[in-house]
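Numbered from 1 within each chain, the chains take letters A, B, ... in sequence-line order.
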There are 2 protein chains.
Amino acid sequence: MELLRHAITAISPLSSESMNAYLSAWKHWSAPKDHFLLREQAVSDYIYFIEKGVARIFYYKNDKEITEWIAMDEQFFLSITSFFNRTPSHLIIHTIEPSEVYGIHHNDFMRLADQYHDVEKLLRKMVTGSLILSQIRMDSIQFETAQQRYDRLLKHSPQIIQRVPVSYIASFLGVTLETLSRIRSAK
Amino acid sequence: MELLRHAITAISPLSSESMNAYLSAWKHWSAPKDHFLLREQAVSDYIYFIEKGVARIFYYKNDKEITEWIAMDEQFFLSITSFFNRTPSHLIIHTIEPSEVYGIHHNDFMRLADQYHDVEKLLRKMVTGSLILSQIRMDSIQFETAQQRYDRLLKHSPQIIQRVPVSYIASFLGVTLETLSRIRSAK
DNA sequence: AGGTACATTTGATATATATCAAATAACGTT
DNA sequence: AACGTTATTTGATATATATCAAATGTACCT
């Protein structure tokens with residue numbers, strides 16, 4: 001839980017009272033490699049934090065797996081539309097390595113945000129960070145070639161190639177595995 | 001200013017004290033048709049609100065105009081990366097009809113968010129709304145064809161076709177004008 | 001170690017959209 | 001109304017990536 005506390009403080013510091021109330025709202029899950037931490041719930045209204053390991057977050061769209069995110073290294077992640085709109089995303093969390101994952105429920109987060117100004121500010125900063133990432137990703141999908149997106153990923157998280165199967169990376173980058181394979185062999 | 005007050009309240013209500021402080025931080029611009037309200041500043045760190053008229057928000061990318069947003073009908077808009085990252089976006093606001101536009105500076109908004117819990121909550125809700133839109137748009141760009149994106153726009157804001165030149169709509173949809181022309185003629 | 005399932009690569013072809021180029025239409029100005 | 005300018009349409013071709021199909025490579029299981 002120390003890493004979670006630290007990650008929160010890095011985004012926006014909380015008073016000790018807020019921090020205690022907030023941290024106690026987080027639940028913890030532990031999973032071995034290749035395990036389904038969350039499986040097609042109706043609505044996935046949690047914000048997650050991965051303390052250790054690697055997890056793939058995906059859903060089915062027309063019977064195809066869409067990798068929405070690959071989480072590792074003390075990252076927060078969530079299914080944005082599901083979390084905020086309360087619409088079903090059928091989110092699935094699948095561990096790629098033995099992993100420790102935390103999650104806080106939408107209702108708990110909102111209740112605490114109403115109660116504490118600094119928790120509200122934390123939430124705002126988390127959403128803002130998510131928005132900036134969303135914009136960068138949109139720009140990347142709209143204007144960059146598959147090659148450029150792959151290069152960007154390599155530069156930004158080089159370890160991902162060693163730890164995650166190519167097929168997941170392809171879906172995450174928004175290309176087919178065949179295309180990614182060709183990009184990689186052209187190097 | 002009444003429409004702005006109303007739009008704010010619809011997102012998240014403010015106490016009368018917060019509302020007074022907040023509204024007085026907004027500036028107002030008035031412009032005839034085909035006028036440049038904002039021209040390539042270094043950083044565009046305002047959130048805008050269009051009270052009346054239509055405005056196009058765009059920037060240059062490799063000497064090409066990219067229409068980031070077409071604002072009308074009492075909508076808020078902003079250059080997300082520029083506003084939150086404080087990086088230059090060279091944003092240009094160009095009116096397509098005579099327009100009344102309001103704007104609040106990043107610094108003022110942040111100062112008031114620190115001061116009033118309900119302003120912080122308003123900001124969080126605005127960012128959240130923006131994030132949801134960003135996700136919908138990304139999904140649309142990644143998985144829908146140009147035809148589907150055009151249909152979606154028609155359904156969502158049918159008036160836009162009458163009021164905005166095709167070339168701007170094309171750029172907003174992320175296609176060339178030739179492609180949009182063909183889509184339209186195939187109907 | 002051998003076999004089976006799965007992951008990755010390689011090849012041939014199809015498709016949506018961009019690009020380049022030209023023709024036509026609409027629009028504003030005097 | 002006629003002119004030049006700008007917007008839109010139409011046509012021919014190029015390109016990135018998807019799709020379908022098969023071959024090769026790798027890893028897990030008893």
- Item | Letter per nucleotide, 5' to 3', of nucleotides 20-30 of chain C [B base touched, S only sugar-phosphate touched, - untouched; heavy atoms, 4.0 Å] | BB---------
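- Here C:dT17 presents its C1' atom at 16 Å from CD of B:Glu144, a figure rounded to the nearest Å.
- Under the 3.5 Å distance criterion, the side-chain polar atoms of B:Thr95 are left unmatched by any main-chain donor or acceptor of B:Pro98.
- Relative to the side chain of A:Pro165, the nucleotides D:dT19, C:dT8, D:dT8 differ in distance, and C:dT8 lies closest.
- Side-chain proximity of B:Arg184 to the nucleotides C:dT17, D:dT9, D:dT10 is greatest for D:dT9.
- Nearest-nucleotide mapping onto DNA chain C: of A:Ser181 and B:Val175, the residue sitting toward the 5' end is A:Ser181.
- Between the CZ atom of A:Arg149 and the P atom of D:dT17 there is a distance of 7 Å, rounded to whole Å.
- The separation between A:Gln142 atom CD and D:dA16 atom P is 18 Å, rounded to whole Å.
- By the ring-ring contact (aromatic ring centres under 6.0 Å, His included) test, B:Phe76 pairs with B:Phe49, sequence neighbours left out.
- Distances shorter than 4.0 Å separate some side-chain N or O of B:Thr176 from OP1 or OP2 on C:dA18.
- Here the P atom of nucleotide C:dA16 and the CD atom of B:Gln147 are 11 Å apart, to the nearest Å.
- Ring orientation note: the planes of A:Tyr46 and A:Trp29 are nearly perpendicular, at an angle over 60° on the 30°/60° scale.
- A straight line from CG of B:Leu177 to P of C:dT17 spans 15 Å, rounded to a whole angstrom.
- One finds a side-chain N or O of A:Lys64 lying less than 4.0 angstrom from the OP1 or OP2 phosphate oxygen of D:dT19.
- A:Ser99 places no side-chain N or O within 3.5 Å of a backbone atom of A:Ala31 that could act as its donor or acceptor partner.
- Distance, A:Asn62 CG to D:dT19 C1': 15 Å, rounded to whole Å.
- One atom, CD1 of B:Ile141, and another, P of C:dA18, lie 12 Å apart when rounded to the nearest Å.
- Between the side chains of A:Asp151 and A:Gln147, at least one donor N or O sits under 3.5 Å from an acceptor N or O.
- An OP1 or OP2 oxygen of D:dA18 is reached within less than 4.0 angstrom by a side-chain nitrogen or oxygen of A:Thr179.
- Screening A:Ser12, A:Ser18, A:Pro13 for a side-chain contact (heavy atoms from CB on, under 4.5 Å) with A:Lys121, the sole residue that qualifies is A:Ser12.
- Salt bridge status for A:Lys27 with A:Asp108: absent, with no side-chain N to carboxylate O gap under 4.0 Å.
- In this structure, CD1 of A:Ile96 is placed 16 Å from P of D:dA27, rounded to the nearest angstrom.
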